[in-house]
Number of protein chains: 4
Amino acid sequence: MAAATRLFAERGYDRTSVQEIVEASGVTKGALYHYFGSKDDLLHEIYGRLLRLQQDRLDTFACADAPVEQRLRDAAADVVVTTIDNLDDAMIFFRSMHQLSPEKQKQVRTERRRYHERFRALVEEGQQHGVFSTATPADLVVDYHFGSVHHLGSWYRPDGPLTPQEVADHLADLLLRALRP
Amino acid sequence: MAAATRLFAERGYDRTSVQEIVEASGVTKGALYHYFGSKDDLLHEIYGRLLRLQQDRLDTFACADAPVEQRLRDAAADVVVTTIDNLDDAMIFFRSMHQLSPEKQKQVRTERRRYHERFRALVEEGQQHGVFSTATPADLVVDYHFGSVHHLGSWYRPDGPLTPQEVADHLADLLLRALRP
Amino acid sequence: MAAATRLFAERGYDRTSVQEIVEASGVTKGALYHYFGSKDDLLHEIYGRLLRLQQDRLDTFACADAPVEQRLRDAAADVVVTTIDNLDDAMIFFRSMHQLSPEKQKQVRTERRRYHERFRALVEEGQQHGVFSTATPADLVVDYHFGSVHHLGSWYRPDGPLTPQEVADHLADLLLRALRP
Amino acid sequence: MAAATRLFAERGYDRTSVQEIVEASGVTKGALYHYFGSKDDLLHEIYGRLLRLQQDRLDTFACADAPVEQRLRDAAADVVVTTIDNLDDAMIFFRSMHQLSPEKQKQVRTERRRYHERFRALVEEGQQHGVFSTATPADLVVDYHFGSVHHLGSWYRPDGPLTPQEVADHLADLLLRALRP
DNA sequence: AATGAATGAGAGTTCATTCAT
DNA sequence: TATGAATGAACTCTCATTCAT
């Protein structure tokens, strides 16, 4: 999975052959297919790993004992940090999701929606308590933020001027500022 | 190109065969290769079309005779509208850019950077005039907004509750609100 | 097709690889797949050739201007001769039919049934005219004869003591003798 | 063996994987290979079972104390009944014999020939006693009948109008009628 | 007696591209 | 300008069999 992750991130899912994966990981094709039913499966497992991680962390932050502004800020920043920390997985996720088989795609989308909705609930909570502006529908706000998260792979470089935490703080700050009443 | 655009958007660049393109468009392989040097070329042309369109429009908005807040708001909204109006092209662009040959990718990235910089200049202009907060580096602000534009293909549906213009207004509004000092 | 026919007859459909076919015939895989959609198709074409040949000949014999005993005898002998003359095709047919895709199998079975029914009509005609015994249902009679035709590949050898015509005469004679009232 | 028999009959020997056999029978690959040396062996065992059964029964009928016409009729009918009763085994036998390894094929053919010769001896006996016509060589007569037996799998259906015994009687009758002087 | 992970060769098929016409 | 047959490398996946445990 590590080899596959690296290769998928490097050249894309379709451009990576099973042959290359087994060569990079030092196993045989037979062994790979003994554990993964298909190339698709491999991709799906990579997704699952990241999805579960982020879902768990979001749950933790959302349920924390703190004002909603703080919880949203923490969650918004955390998704940025974990995305950067797993940038390979994340890029594969965002780019290759639509290359999964239809049924697997549906499954992923369902899980993704759960994540989106948990996040949206935080925004709505703040809007109901009057600490966030209601000028923009909560759904749109969430997509706005997630857009910037998906986009990280396009510009973030580990050797750039900002640490992951700094980027995260900036992006969370932008979100919170945009939500000021 | 119309057929190729539709197919690329539908199933992705790698999953679309030249055979399918020529069948969908009613031409022959030979004819296609007479006009386009390669499948890559076709993709590159589709990019070029959208890139030129958006660059032109950005130039128009940025050079308009209006306060910088207005100019940024208009530009930010416009890129949303033209992206939605050309959602197929845009999705191909965002998803398949990394599947171009390295040299074509470089060329695209160069043009993309010009676009990014034009946009950033607007943000910096506002920051220098004190109408935008300087809390966040202008680069990050631009990436924040572009992130949401790239993300449109993941959630925007023509039959959804919002018109393209409404989405654009909301997203531009979020940007401007985030930039309030 | 000639190379495929020979190889299929020699080692069976499943045991013959596309690689072997293209090597034996001096074409490339690409060329083969340009003309035949699949390995299945190739088999189906071989079937078709023999089926059409035998159907045509049966039609000719069945419609001839002669007493029904003569027409049945001629048809029964002819199917033996053409089967021996195309023993490779025939053996492939009898052995590999069930290895076709379900839909192709259905198509073949439909054509095969037409052939069977044309033959059965001859038997029934003789039975109605009282020149053939009605002790056995016509369907069974036809299957009895076809059984011996299918079986030819299991024992007939070109260098054996009997010519194809002699075999055919004997088998047709057995059929006609069995049908004596 | 029961699972293998069913699967081989259903989809053919080559189309059935060892994996499918072990899954269908609830054993493991290791266990299967502990008892059978190879997939080939499995097929060979299935053959052996039917071959021994039919050989035994033929011996019984051929040595009975009855006129040769009766003995041949009984034997000819019996092979039909036991073939229908073991139609799966029989179909595998007729279709897959040529997929055995050359040496196993030779062995099977030798046993098959013994069976054929025992049957032929009956025909010759009747011919020498003048109760069967000598118009057709005994070998051919036997092949004629065996052909119809092999063919049973192509058309006989348990839910059809005829019971196995009725089919057997009809086919034996056709044989005996064909042999009338 | 039994396991099941691992092998590695080979299966059928697809593909972007070329080129003689 | 346009054809479409031909290429040949690469693709994903399957398989009977082995063997350390």
Side-chain angles (χ1 to χ4, degrees), chain A residues 4 11-23 25-43 99 101, chain B residues 4 11 13-23 25-43 99 101, chain C residues 4 11-23 25-43 99 101, chain D residues 4 11-23 25-43 99-101:
Chain A
R11 39 225 271 171
Y13 176 74
D14 276 325
R15 311 288 254 232
T16 303
S17 73
V18 172
Q19 188 59 43
E20 288 168 329
I21 296 170
V22 302
E23 272 164 20
S25 59
V27 303
T28 59
K29 262 191 217 177
L32 189 151
Y33 275 94
H34 188 71
Y35 291 103
F36 298 94
S38 65
K39 197 185 166 190
D40 234 57
D41 252 27
L42 206 44
L43 185 56
Q99 283 161 17
S101 70
Chain B
R11 42 231 266 167
Y13 176 73
D14 276 323
R15 312 286 252 232
T16 303
S17 75
V18 173
Q19 188 59 44
E20 288 168 330
I21 297 170
V22 303
E23 272 165 19
S25 60
V27 305
T28 61
K29 267 191 203 179
L32 188 149
Y33 274 90
H34 186 73
Y35 290 104
F36 297 93
S38 65
K39 193 183 166 191
D40 236 55
D41 253 26
L42 207 43
L43 185 56
Q99 284 163 16
S101 70
Chain C
R11 40 230 256 182
Y13 176 73
D14 275 325
R15 311 288 254 231
T16 304
S17 73
V18 172
Q19 189 58 43
E20 289 168 329
I21 297 170
V22 302
E23 273 164 20
S25 59
V27 303
T28 60
K29 266 192 209 181
L32 189 151
Y33 275 92
H34 187 72
Y35 291 103
F36 298 95
S38 64
K39 196 186 166 189
D40 235 56
D41 252 27
L42 205 44
L43 185 55
Q99 284 162 16
S101 69
Chain D
R11 29 196 339 128
Y13 176 73
D14 276 323
R15 312 287 250 233
T16 304
S17 75
V18 173
Q19 188 59 44
E20 288 168 330
I21 297 171
V22 303
E23 273 165 19
S25 60
V27 304
T28 61
K29 266 191 205 182
L32 189 150
Y33 273 91
H34 186 73
Y35 291 103
F36 297 94
S38 65
K39 195 183 165 192
D40 236 56
D41 254 25
L42 208 43
L43 185 57
Q99 284 162 15
L100 280 175
S101 69

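Sequence lines set the chain letters: A, B, ... in the order given, protein chains first and strands last, and positions in each chain run from 1.
Here F:dC15 presents its C1' atom at 14 Å from CG of D:Asp40, a figure rounded to the nearest Å. The separation between C:Glu23 atom CD and F:dG8 atom P is 13 Å, rounded to whole Å. Taking atom CG of D:Asp41 as the reference point, atom P of F:dA16 lies 14 Å away to the nearest angstrom. Protein atom CZ of B:Arg15 is 11 Å distant from nucleotide atom C1' of F:dT12, rounded to whole Å. Following rounding to the nearest Å, D:Ile21 (CD1) and F:dT14 (P) show an atom-to-atom distance of 17 Å. Taking atom CZ of B:Arg11 as the reference point, atom P of E:dT14 lies 13 Å away to the nearest angstrom. For the pair D:Gln19 CD and F:dA16 P, the interatomic distance rounds to 9 Å; values are reported in whole Å. The interatomic distance linking C:Asp14 (CG) with F:dC15 (C1') rounds to 13 Å, in whole Å.
Distance check, rounded to the nearest 0.5 Å: CD of C:Glu20 to CZ of C:Arg15 gives 11.0 Å. Expressed to the nearest 0.5 Å, how far CG of B:Leu43 lies from CD of B:Gln99 amounts to 8.0 Å. Atoms OG and NZ, from D:Ser101 and D:Lys39 in turn, are 13.0 Å apart once rounded to the nearest 0.5 Å. Atoms NE2 and OG1, from C:His34 and C:Thr28 in turn, are 10.5 Å apart once rounded to the nearest 0.5 Å.
Put simply, B:Tyr33 has no side-chain N or O that comes within less than 4.0 Å of OP1 or OP2 on F:dG4. Remark: C:Ser17 is in phosphate contact with E:dA11, judged by side-chain N or O atoms under 4.0 Å from OP1 or OP2. Between C:His34 and F:dA6, a side-chain N or O to OP1/OP2 separation shorter than 4.0 Å is absent.
A:Lys29 contributes no side-chain N or O that forms a donor-acceptor pair with the base of F:dT14 under 3.5 Å.
Residue B:Tyr35 is the one, among B:Tyr35 and C:Thr28, whose nearest nucleotide of DNA chain F lies closer to the 5' end (criterion: closest heavy atom). Judged by closest nucleotide on DNA chain E, A:Ala31 is the one of C:Ser38 and A:Ala31 placed further toward the 5' end. Nearer the 5' end of DNA chain F, as judged by each residue's closest nucleotide, is the contact made by A:Thr16, out of D:Lys39 and A:Thr16. Checking C:Glu20 against A:Val27, the closest nucleotide of DNA chain E that is more toward the 5' end is the one next to A:Val27.
The shortest non-hydrogen separation linking A:Gly37 to A:Asp41 is N-OD2, 3.2 Å.
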Derivation and outcome, side chain to side chain contact (heavy atoms under 4.5 Å, CB included), residues B:Tyr33 and B:Val18: CA-CA 10 Å; B:Tyr33 274 90; B:Val18 173; 3.9 Å; yes

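With distances taken from any side-chain atom of C:Val18 to the nucleotides F:dA6, E:dA5, E:dT13, the minimum falls on E:dT13.
D:Asp40 is listed as a side-chain neighbour of D:Tyr13, based on a closest heavy-atom distance under 4.5 Å.
Heavy atoms of B:Phe36 sit nowhere under 4.0 angstrom from any nucleic acid atom.
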Starting at the 5' end of DNA chain E, what dot-bracket string do you get if Watson-Crick and G-U pairs under 3.5 Å are bracketed, crossing pairs use [ ], other-strand pairs use | and unpaired bases use dots? .||||||||||||||||||||

